[in-house]
Amino acid sequence: QVQLAEFGGGSVQAGGSLRLSCAASGYGDSVNNIGWFHQAPGKDREGVATIYLGSGDTYYGDSVRGRWTISQTKGKDSVTVTLQMNNLKVDDTGMYYCAAGRMRSDSLESTSHSYWGQGTQVTVSS
């Protein structure tokens with residue numbers, strides 16, 4: 001059974017930094033990609049960054065490219081995916097969800113991911 005546990009989040013002023021972590025386990029061959037998705041109040045969920053666990057290839061949404069970095073630390077039958085969020089903006093406010101799935105492409109699409117964490121709140125104030 002795939003388990004995703006999210007850590008991090010919180011409140012910060014614009015220009016500051018936060019780090020989100022997602023600890024994944026129990027995925028076996030059912031997951032080859034883990035990513036982070038942002039849902040602002042009243043808006044659809046959008047992919048901000050994903051990483052393919054085997055190749056290490058990363059993908060970023062336009063709004064975060066150059067500001068944020070996704071990385072992975074592998075353990076025995078587990079992995080922690082970290083999202084380093086720098087130069088945060090007020091528009092980055094919202095819920096952030098860790099998601100995992102097996103896919104060949106479109107990793108920034110929420111429909112590509114089958115497994116979801118509970119989400120963690122990020123609030124950026126001006």
Side-chain angles (χ1 to χ4, degrees):
Q1 182 176 359
V2 178
Q3 294 186 327
L4 302 173
E6 297 147 329
F7 304 91
S11 298
V12 67
Q13 288 191 320
S17 298
L18 285 174
R19 180 178 297 175
L20 305 182
S21 294
C22 175
S25 60
Y27 49 86
D29 292 330
S30 61
V31 169
N32 70 343
N33 181 286
I34 294 178
W36 286 94
F37 289 75
H38 170 223
Q39 187 163 23
K43 295 189 177 181
D44 293 335
R45 199 171 293 186
E46 64 172 357
V48 294
T50 72
I51 185 167
Y52 280 91
L53 304 183
S55 66
D57 289 344
T58 57
Y59 294 84
Y60 295 93
D62 291 341
S63 64
V64 309
R65 190 176 294 112
R67 296 191 293 132
W68 299 2
T69 302
I70 190 169
S71 61
Q72 61 176 325
T73 302
K74 292 184 178 179
K76 179 175 169 55
D77 301 325
S78 66
V79 64
T80 297
V81 173
T82 299
L83 183 66
Q84 178 65 41
M85 309 161 70
N86 297 328
N87 190 19
L88 281 157
K89 303 178 179 180
V90 173
D91 287 347
D92 295 325
T93 294
M95 288 293 290
Y96 284 79
Y97 297 89
C98 175
R102 187 164 189 87
M103 66 207 69
R104 294 182 177 180
S105 60
D106 298 328
S107 65
L108 290 172
E109 297 294 328
S110 61
T111 52
S112 297
H113 294 75
S114 302
Y115 310 99
W116 292 83
Q118 294 298 309
T120 185
Q121 176 69 35
V122 169
T123 302
V124 184
S125 58
S126 59

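Every value quoted in this text rests on a predicted model; they were computed, and no experiment measured them. Each residue takes its place number in the sequence, starting with 1.
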- Query: Going through the distances and angles, do D106 and S112 end up as a side-chain hydrogen bond (donor to acceptor under 3.5 Å, both in side chains)?
  - Reply: CA-CA 7 Å; D106 298 328; S112 297; 5.3 Å; no
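- Heavy atoms only, all atoms of each residue included: Y27 and V2 are closest at CA-CG2, 3.7 Å.
- Placement of Y97 and V122 in two distinct hydrophobic clusters is found when ILVMFWY residues are connected by side-chain heavy-atom separations under 4.5 Å, directly or transitively.
- At a threshold of 4.5 Å between non-hydrogen side-chain atoms, the residues T120 and F7 do not count as touching.
- Clustering ILVMFWY residues whenever any of their side-chain heavy atoms sit less than 4.5 angstrom apart, transitively, puts V81 in the very cluster that holds V31.
- Here H113 and F37 bring their ring centres to under 6.0 angstrom of each other.
- Between N86 and S17, the shortest heavy-atom distance links the atoms OD1-OG, 2.9 Å.
- Here the closest non-hydrogen pair linking A24 and L4 is CB-CD2, 3.5 Å.
- Note that OH of Y59 and CG of N33 are 9.0 Å apart. Values are rounded to the nearest 0.5 Å.
- Around the CD atom of Q121, the shell of radius 6.0 Å holds more than 12 heavy atoms that belong to other residues, nucleotides or ligands.
- Checking side-chain atoms of S25 against main-chain N and O of S78 turns up no donor-acceptor pair under 3.5 Å.
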- Item | Trace of the side-chain contact (heavy atoms from CB on, under 4.5 Å) decision for L20 with T82 | CA-CA 6 Å; L20 305 182; T82 299; over 6 Å; no
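- Taking CG from L18 and OG1 from T123, the interatomic distance works out to 9.5 Å, rounded to the nearest 0.5 Å.
- Under the 3.5 Å distance criterion, the side-chain polar atoms of Q72 are matched with a main-chain donor or acceptor of L53.
- One N or O on the side chain of E6 and one on the backbone of C98 form a donor-acceptor pair closer than 3.5 Å.
- Annotation: cation-pi geometry satisfied between R45 and W116 (NZ/CZ under 6.0 angstrom from ring centroid, within 45° of ring axis).
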- Task: Could you check Q39 against Y96 for side-chain contact (heavy atoms from CB on, under 4.5 Å), going step by step and ending with a plain yes or no?
- Result: CA-CA 6 Å; Q39 187 163 23; Y96 284 79; over 6 Å; no
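- Residues K89 and D92 are not paired through a salt bridge, judged by the lack of any N-O separation under 4.0 Å between the basic side chain and the carboxylate.
- Within the 3.5 Å criterion, the main-chain N or O of S30 finds no donor-acceptor partner in the side chain of R102.
- R67 and L88 make their closest contact through NH1-CA, 3.9 Å (heavy atoms, listed as atom of the first residue, atom of the second, distance).
- Of the possible polar contacts, none joining the W68 side chain to the A49 backbone as a donor-acceptor pair under 3.5 Å is found.
- For the atom pair CH2 of W36 and CD of E46, the computed distance is 15.0 Å after rounding to the nearest 0.5 Å.
- Side chain of T93 to backbone of V124: a donor-acceptor contact under 3.5 angstrom is found.
- Formation of a donor-acceptor pair under 3.5 Å by the Y60 side chain with backbone atoms of I70 is found in this model.
- The hydrophobic clustering, which links ILVMFWY residues whose side-chain heavy atoms are closer than 4.5 Å, places M95 and V12 apart.
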- Task: For side-chain contact (heavy atoms from CB on, under 4.5 Å), just list the numbers for T50 and I34, CA-CA rounded to whole Å, side-chain angles, deciding distance to a tenth of an Å, and then say yes or no.
- Result: CA-CA 6 Å; T50 72; I34 294 178; over 6 Å; no
